[in-house]
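Atoms within each ligand, like the ligands themselves, are counted from 1 in listed order. Note that the numbering runs from 1 along the sequence shown for the chain. The structure displayed is predicted, hence computed values, not measured ones.
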Amino acid sequence: MPANIHQPQNITPGSDKESQVDSLLSQMTLQEKIGQMSQLNSDSKKLHTTLKNGLVGSIINEVDLDTINEFQLIATQETRLGIPLLIGRDVIHGFNTIFPIPLGQAASWSSDMVEVCAKISAIESSNSGVNWTFSPMIDISRDPRWGRVAESLGEDPFLCSTLGKAMVKGFQGDKLSDTYSIAACAKHFAGYGASESGRDYNTTNIPENELRNVYLPPFKVIADAGVSTFMASFSDLNGVPVTGNRWLLNDILRTEWQYSGLVVSDWESIPQLVTHGFADNEESAAFEACNAGVDMEMASDNYAEHLVTLIQKNKISIKQIDTMVSRILQLKFDLGLFETPFTESTASIEHLNGFHLSIAKQAATKSCVLLKNNEQILPLSKTTISQLAVIGPLADDGYEQLGTWVFDAKISQSITCLSAIKDYVEGSVDVKFSVGIETSRSNSQDGFIEAVDIASAADVAVMVLGEEAILSGEAHCRSNINLPGCQEQLINAIYETGTPIVLVIMAGRPITLEKILPKVDAVLFAWHPGTMGGQAITDILFGEECPSGKLPITFPRTIGQIPLYYGQKNTGRPASEATFVGINDIKVRAPQTSLGMTSTHLDTHYSPLFPFGYGLSYTQFEYKNIRVSKYSVAMGKSFKITATISNTGNVDADEIVQLYIRDLVGSVTRPVKELKGFKCIFLPAGESETVVFNIHTDELAFYNRQMEFKTEPGLFNVWIGGDSDTQLKTEFEVVCKESDSQVQPENESEYTE
Ligand code: NOJ
């Protein structure tokens, strides 16, 4: 703690926060107000002068505690009004301890796990002086070519909302002013995930109904849950870049949702309004962003340079500026920065401590998804294997297993697959390692000979392949999402040895695996699993843990199927087994029959390779007896949907039980399935449990043709199962009032309470 610290000037701690904001605002010059609206990069050349002049509201990308305290000292002691700084950092899936990438965390379907990972990230980063993270990223992501799918929570609005809310809780804690709470940021508002062809920063065209029903819900949920800040997306939304989109940032966010937190731009996205062709110069870019409702400018200086002029020209009013600055000041008060601007280095806790690492291991375990397990080759047993080949560029690389956004990771602490496997089997199994190919992208087959040699001599080959970290994340998109480089050839070469292959994939996105699937006996999809990835994977491979992760995103067979997601619309001519005609069977065009005239490709099956929600276990689960407590549900009422799940195998295991509905007829067409609930249950071998979901008719609401959010009466299908392809179905109807109830269907027992 710097010596001789005084309270920031002109502030009375503890007095009513709104009047504190107003009182401070009333003392500020216009320059000082505009200064608060500016976030500078820590390496900005003008940082020191600007800071000393009291013209900086926030600094991004500084994590050295002494430097941050020094910045706070200048801001609070050497400027006229002593306003502390927001210190922003991308703490996306951990700070020093790295958890699985967000897409991996989403595969755990565990709000508790996601919350605790965010809590630990908040502890470690706040302990370094950071008080604001740019997370969670809650962009619905349905295009796996997009590199940022790694940072997302997947394709589904319900799952994304639930887990995003948990992340916010983890970062922000009970109170923002608590020592280890940091402000969270809902980003990128909105529609960024729909970037054309998965190219980052690209155009998005999203009809309003789709925007409201699919892309906005996670933002609304998180706004209601109290997320402190929003980030405006880089992208162009229906012709109006979000940074200058008043309809989205003002009419929806402020007026409709009554959101009062601070909105920050994305990195230099204000001057980029000129590049978009939306503003003719930086002054008009500053006008568009400010008028749309961007309170703080990240990294660039259009506000600092042009807002005064815009006010002089009466284009922007002082009132607008005051409202925006008050949101920034409010956050600083909420974080308790006026009382405690400094982070006490003496109070530093140990990062990467045993508890943090154990959570990182649990999170990685829960995020692994078992996609294939032929003849139950997994789990391996160290008593039946004498020689194991570990092959692949990702088997022993402590950095690559961490994934994107890991500026502050302590790479030396990473436990790799190779080291964890060696530790685990020490004394019982001879482990040989060959990298096979140098990096995940490499095309040189020089290393194949050694890899084939060790595989030939082994009982099992564990191949750790996938994508190195740099192949996903911001601006790291791919037009092909197969295993890069010559990895498929490497699999073929190992396959030729006849040794069974267990394929572990680390990647930042779904990978197209159809071609190599028949060559491997098991596939464990580990995403980028983080610091403790190797140990988590080893525990699963050897049966110390039973895999329970489920896909938060559809795995296509080929890139040509993209976008492919479970919640698609039915179309007028849906593909089905009965009508599907592949490229080899198509003979003549026969419009008079429905054969072949459906909405799919000729050269691939219409289904995905693995559906949303999919994931195997070391046991088997049987789902039966789906029932609704009422067949006719009156509007405004709740009802129950139940099913019995039995663990029919011989391993105790967790299962993620999923509930889907379909609104059969709507004033706008509705998806063929929508996730409306899920529960993680633990079932010992041989046991059964009846899982109950309570649904209120309000949860069936959607934006209709008039953009009103309403539940419509009518017939619904409902499914409960272990993935989105579940066939265990019943139905119910929503009626306007009790007396409208239809006669119960014949098999009444199906619907009894
Ligand atoms: C650009 C990214 O789009 C955003 O997600 C991130 O938070 C900022 N840069 C700050 O690094």
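Side chains of Tyr192 and Met231 form no contact here, defined as non-hydrogen atoms less than 4.5 Å apart.
Remark: distances from the non-hydrogen atoms of Asn61 to ligand 1 are all 4.0 Å or more. Residue Met231 places a heavy atom less than 4.0 Å from ligand 1.
The shortest N or O to N or O distance between Arg148 and ligand 1 is below 3.5 Å. For ligand 1, the polar-atom distance check finds no N/O of Glu151 at less than 3.5 Å from any of the ligand's N/O atoms.
Listed by atom number, the atoms of ligand 1 under 4.0 Å from Lys187 heavy atoms are 4 (C), 5 (O), 6 (C), 7 (O). Shown in contact with Ile60 at under 4.0 Å from a heavy atom are these atoms of ligand 1, numbered in order with element: 10 (C).
At a cut-off of 3.5 Å, with distance as the only test, a side-chain donor of Ser284 or Asn281 sits close to an acceptor on the other residue.
The two residues Cys477 and Arg509 come nearest to each other via the heavy atoms CA-NH2, 3.8 Å.
Between Asp295 and Arg254 a salt bridge is recorded (basic side-chain N to carboxylate O distance below 4.0 Å). Ion pairing between a basic and an acidic side chain is recognised when a charged N comes within 4.0 Å of a carboxylate O; Lys187 and Asp90 show such pairing.
At the top of the distance list for atom 7 (O) of ligand 1, counting protein heavy atoms only, stands Asp90 OD1, 2.5 Å. The shortest contact between atom 4 (C) of ligand 1 and any protein heavy atom is with Asp266 OD1, 3.4 Å.
The side-chain contact (heavy atoms from CB on, under 4.5 Å) with Ile553 is formed by just one residue from the set Asp156, Leu103, Asp143; it is Leu103.
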